[in-house]
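In what follows, a structure is listed as structure tokens, so that the remarks can point back to it.
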Amino acid sequence: MNVPISIKVNGVERQAEVEPRTLLASLLRETLCLTGTHIGCDTAQCGCCTVLVDGDAVKSCTMLAVQADGCSVTTIEGLAQGEELHPVQKSFHDCHALQCGYCTPGFIMSSVELLEKYRDLDEGRVRELLEGNLCRCTGYNNIVQAVLSLAAERGRT
Amino acid sequence: MYEFEYRRPASVPEAVEMLRDREGAKALAGGMSLLSAMKLRLASPDVLVDLGRIEGMSGIRLEGAEVRIGAMTRHAQVAASAEVGKAIPALADLAGRIGDRQVRNRGTLGGSLANSDPAACYPAAVLGLDARIETDRRSIAAEAFFIDLFETALQSGELITAVRFPVPRSAAYVKFHQPASRFALVGVFVAVTGSGEVRVAVTGAGPVVFRAASIESALAREFSAAAAGAAAVSAQGLNSDMHGDADYRAHLIPVLAARAVAQILERQG
Amino acid sequence: MSTKWFGAAIPRRQDARLVRGEGRFLDDIVLPRMAHVAFVRSLHPNAALGAIDAATAMQVPGVLEVVSHADLGEAGRPFLQLLPHHGLASATWSALAPGRVCFAGEAIAAVAAESFAAAQLAAEAVAVEYRTSAPIIDLESAQRPDSPLVHPDIPRNLAMHMVEQCGDVEAALRSAPHRLKERFRITRGGGMPLEPRGVIADYDLNRRELTVWSSTQEPHTVRNTIATMLGLQRHMVRVIAPDTGGGFGTKINVYPEEILVPWLAMRLGRPVKWVETRSEHMLSATQEREQIHDIEVGFDESGRLLALKNVFYHDMGAYAPRGGAVPHNTSAALIGPYRIPNVRSEIAAVYTNTATVSAYRGAGQPQGVFVIERAMDRIAAHLGRDPAEVRRVNTILSDAFPYDTGLTNLLGGAVEYESGDFLGTLDKALELADYAGLRARQVEARKAGRYFGIGIANYVELPGRGPWAGGGVRVEHDGSVPVYTGAPSQGQGHETTMAQICADQLGVSIDRIKVLAGDTALIAHGIGTFASRFGVLGGNAVRLSALEVKEKILRIAGEMLETSVADLEIEDGKVSIVGVPDKSLSFEAVARKALRAAGPDGEEPGLEATRYFKTSNITYSNGTHIATVEVEPATGQVQVLKYFLAHDCGRVINPMIVEGQIMGGIACGIGNALLEEHAYNSEGQLQTGSFMDYAMPRAADMLEIHMVHQETPSTLNPLGIKGVGEAGTIPVPAVICSAIEDALRPLGVKINEAPLPPFRLWKLIRAAAKAA
């Protein structure tokens, strides 16, 4: 039996009737055509599907769409303001923190929360806090750098 | 995953009723283990009873010499809680190292305990601190709660509502990661309770969390890292897999216990 | 030629869409009326198949079709053997298992349905009758006469037996002042791209045209194979590799699903999609690295190698889609940067009932480097000499190039290093690491009871493999410059590097250039992106095309400006007369003129060229890595502390991208050294079916890396490029294990295997303690 849900996605109220087994990731990708959220595993390890639900980074492959009913969801598509990239997106580009780009949306969303919630970041702490995302291309160092450079910028202002 | 029916109760009694209503019904807390199992088609409940919207099931309160944590409190909340950080820093520390940041934003205390995964971290704290598990119908001592692999004292349809952690004099948790899953290959929680009892709870090593009696008695004689590290732990009945056999796990228990004791002593300065 | 763009750290052009989540990966593609596929995969590693009963499955609502091998006809025959080595006992896979299965996870039947959920449900309902046999999993016993057979027609499971030699090893060993024998072992891992595989096929019945999207490194090979297997003309098949989420070799093969899905699309008359789950990937995608080496070395007092004899077993897994390419690479990589006058390398490659083995980043080379570098450490220990010095006395000197190692490469030519400064990278790395300082630190650490070790490893990489690659360049009438190639990028950055090469060669701003890749409609022929080859070969092909277009621009402009071509120069998309900068023509003007077909001497219209760069050779990159580690004997945990390297990949197109390739490669290598392992139990069941058991390197497993570049141009191509895609990975297991053994020297622990997750290292430490 389908369940009606109402979710604010990237600032826009969306209604849908979903099968209870629909994952939040599938709702975003298939129903709402927001394909920037990727699926890389089936055990909630890789983090490619990371989105923000009410400001918390979550793995949207391990959350039912019905659980997000009434919540506010931000996906990678919701970060840039028109032509202007979100600072985290820009920092990933500037630091060469992506290669194939498949894990990138998940890493960026994860990093947005990280920078939002944590202060006093150093390299070791950032590496630890990024443990929920896998990248096979970059070797992580430039990703860590992309986060640290924003943290440093924040420290200066 | 297979199809199922979705229910969303507004209260604990309603949830209990829904769970009692249908044999194949299962409670959904954070879903970190249950949804993963369902995706891999290892679990197929007919009905999912989502506890996510029940008022009052989450929250942290200091009540006298106890910290009461609601069953639906997320790991991230426990990790960030000033109350927990002050009263039982080892518990906040443990919660802050479960899974990863995204998992901690969804996973809950009650969900973890009800699942009784042999490699989960929370059971070590619950047993190590001699906590009590409150359900919709009773209060269960930690010793009586964990029965076996994925098996607890919970009756069918019984819901954990909160856990009461007595504030210890001191405690520390040391976890050795299984390299892939990041669960505990072995995790050791050492606590000196309010009454001065030394408790050592071990997760990851056996089919279910247990107390390491040999280390406890060694520490009762002399509370030092050396004493913990020198205690012998039998490999009998411990888990074996590609990430570590029973001997390795048995060997790690006193090694990690010694580190936990060292942390406690260091904190006491 | 000025090199305004080549060599500069140009920001990547493809990032703009990728950071916005606007990449278009395979699973993002949705076609109207698209059906979905799920596979029934074998539960057993070695079995004959009996009845396949789909009656229940067909009852599942939404199911369109259930097919097994018997339904496929000609499309079900085994694939053609790629790279058929001399003497190879060939075994290739089929679109669905033909009557028997050779590994647990092999596709037996396919279900097409209206949704993936329905297909998956129905796939579970397909009943398969198995007549199981004992599997052969163990590499070493696979050759025994009493071993179970993976393929009944291949005796002793022997896929390939090959001997390479130069000099007289036996005589040199007999007369050598010192000899050592060792056994080394490396186990399996996987390329593990974060985007799993996937295929979509759409057949246009009216036009008889088949369009296939595949997450592949080789769209042209996929096209050619589909055409052959499905009996279509090549030009009626178009294969597109959309944005691809990593390849690492895992996506170089043409897989059974790449035939089955198009076949289903033709049969159903509607588009069909299959996207692999990670669990499925673990079971059925290719894996690599399992080898056992028995080596013997002879050397003199200074540590100079006189003879190297190596016999090794290589695990092929169930099939050989690319012949013996991987073990052959191991053999070629064995020599490294060293002068070894007498070499004998013997390969015994065997089939086992496990997932197919094919190239993963490094493709056999990490194993070869592991073996020779472990040997170097043992020689040093045996003689009580410094491991860096033993490497130095063996290193090929700069005046010896081109240097013929005496071995042959995959293409049948000599392994002949064209150029290099091998001592250069060794010295630079030692200096960068402050090697003497590290040794002093080690003395202090040991005094303090800490297990601190320094590892060192040299490597020679075999990138830039021929025979050819193509790249086209066009100048449009609006002045825009599309560059098109057949080889897609899986993160390597072709969209940027190919544009850099074209910009310089053509004399135009990079902003005008758009690189198009990964579509067989763009260019007639292609081989693909693998073996660190495309920068070398594709880059030089783009250069040839750009130069040809440039010549034509000059001819037409000369006519238009009524001046000799020799008096013209091109800069920033403008042709002008030398010394008269205000008299110039834009590329647009020249392109419009060319399109009016009014060029001189009846020149054909347009400014366009498609050229192929061909070579019968391989380029050779090299480098030296140094790492320090600290080992915790109580747990077996290794902490990598510092990492230094000097590398030489010839001329660098884009240092930012090169450094990115190396850092990413090192992470893969750290996985191979410390974490990653695909394990099968003796029943042939995979123990590492998900990321819950297959340990991937994470951010905290990596560390700051210090690197220096050395540029010794290749003499084999005009751009002097050597290739770099695998350089980061190749020496890492060797250098980390070198450091671990060095750290544990006080305990007498020998490291002869990789990877070394804590449990395995702890067992070695315990065994050494018991022996002591």
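Computation of the quantities below employed the complete heavy-atom set of this structure, encompassing side-chain atoms and omitting hydrogens, waters and symmetry-equivalent molecules. All chains are named by letter (A, B, ...) in the order of the sequence lines, taking the proteins before the strands, and each is independently numbered beginning at 1. This one's a predicted model, so the numbers in the text were calculated from it and none came from an experiment.
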Checklist line | Between A:Asp42, A:Leu79, A:Asn142, A:Asp94, the one whose heavy-atom pairs under 4.5 Å with chain C are most numerous | finding: A:Asp42

Check: At their closest point, which heavy atom of A:Leu130 faces which heavy atom of A:Leu114, and how far apart are they?
Finding: CD2-CD1, 3.8 Å

Item checked: chain A contacts, top residue of C:Asp243, C:Ile657, C:Val275 (heavy-atom pairs, under 4.5 Å) -> C:Ile657

Checklist line | Residue part contacting chain A, namely of C:Pro697, when any heavy atom lies under 4.5 Å | finding: both

Next item on the list: Go through A:Gly132, A:Gly40, A:Cys103, A:Cys33 and name the one with the most non-hydrogen pairs under 4.5 angstrom from chain C.
Entry: A:Gly40

Note to self: Less than 4.5 Å to any heavy atom of chain A: does that hold for the side chain of C:Asp28, its backbone, both, or neither?
What the structure shows: both

Note to self: If you define the side chain from C-beta out and look only at heavy atoms, does anything of A:Val18 sit under 4.5 Å from A:Val66?
What the structure shows: yes

Item checked: Top of A:Thr75, A:Val144, A:Leu85, A:Thr104 for chain C proximity - count of heavy-atom pairs under 4.5 angstrom -> A:Leu85

Margin query: Among C:Gly728, C:Gly191, C:Gly246, which residue has the highest count of heavy-atom pairs closer than 4.5 Å to chain A?
Written below: C:Gly191

Check: Could you state the interatomic distance from CD1 (A:Ile143) to CE (C:Met702), rounded to the nearest 0.5 Å?
Finding: 10.5 Å

Next item on the list: First locate atom CD of C:Gln490, then atom CZ of A:Arg136, and finally report the distance between them rounded to the nearest 0.5 Å.
Entry: 14.5 Å

Checklist line | C:Glu495 bridged to C:Arg17 by N-O distance under 4.0 Å | finding: yes

Note to self: Side chains of C:Tyr694 and C:Glu676: any donor to acceptor distance under 3.5 Å?
What the structure shows: yes

Check: Which residues from residues 661-674 of chain C are near chain A, with near meaning under 4.5 Å between non-hydrogen atoms?
Finding: C:Gln661, C:Met663, C:Gly664, C:Ala667, C:Cys668

Item checked: Listed partners of C:Glu704 passing salt bridge (charged side-chain N to carboxylate O under 4.0 Å, His left out), at least two apart -> none

Next item on the list: Taking the side chain as every heavy atom from C-beta outward, state whether A:Ile76 and A:Gln89 have any atom pair closer than 4.5 Å.
Entry: yes

Next item on the list: Side chain from CB out, backbone as N, CA, C, O: work out which of these in A:Leu134 comes under 4.5 Å of a heavy atom of chain C, or both, or neither.
Entry: both

Margin query: Within this structure, what is the CZ-CD distance for the pair C:Arg278 and C:Glu195, rounded to the nearest 0.5 Å?
Written below: 9.5 Å

Check: Highest number of heavy-atom pairs under 4.5 Å with chain C: which of A:Glu30, A:His93, A:Glu77?
Finding: A:His93

Next item on the list: Can you measure from CZ (A:Arg14) to NZ (A:Lys8) and round to the nearest 0.5 angstrom?
Entry: 13.5 Å

Next item on the list: Under 4.5 Å heavy-atom distance to chain C, tell me which part of A:Thr138 shows up: side chain, backbone, both or neither.
Entry: backbone

Notebook entry, point to check: Does any heavy atom of chain C fall under 4.5 Å from the side chain of A:Leu34, the backbone, both, or neither of them?
Noted result: neither

Check: Is chain A contacted by the side chain of C:Ser279, its backbone, both, or neither, given a heavy-atom distance below 4.5 Å?
Finding: both

Next item on the list: Could you list all the ring-ring contact (aromatic ring centres under 6.0 Å, His included) pairs where at least one residue sits in residues 97-121 of chain A, not counting sequence neighbours?
Entry: A:His38-A:Tyr102, A:Tyr102-C:Phe25

Notebook entry, point to check: Applying salt bridge (Lys or Arg N to Asp or Glu O under 4.0 Å), which residue pairs with at least one partner in residues 688-702 of chain C are found, sequence neighbours left out?
Noted result: none

Notebook entry, point to check: Do you know which of A:Pro105, A:Gly139, A:Cys100 has the most heavy-atom pairs under 4.5 Å to chain C?
Noted result: A:Cys100

Note to self: Under a 4.5 Å cutoff for heavy-atom pairs, which residue among A:Cys137, A:Gly124, A:Gly36, A:Gly78 has the most contacts with chain C?
What the structure shows: A:Cys137

Next item on the list: Measure the NE2-CD1 distance between C:His625 and C:Ile736 for me, rounded to the nearest 0.5 Å.
Entry: 10.5 Å

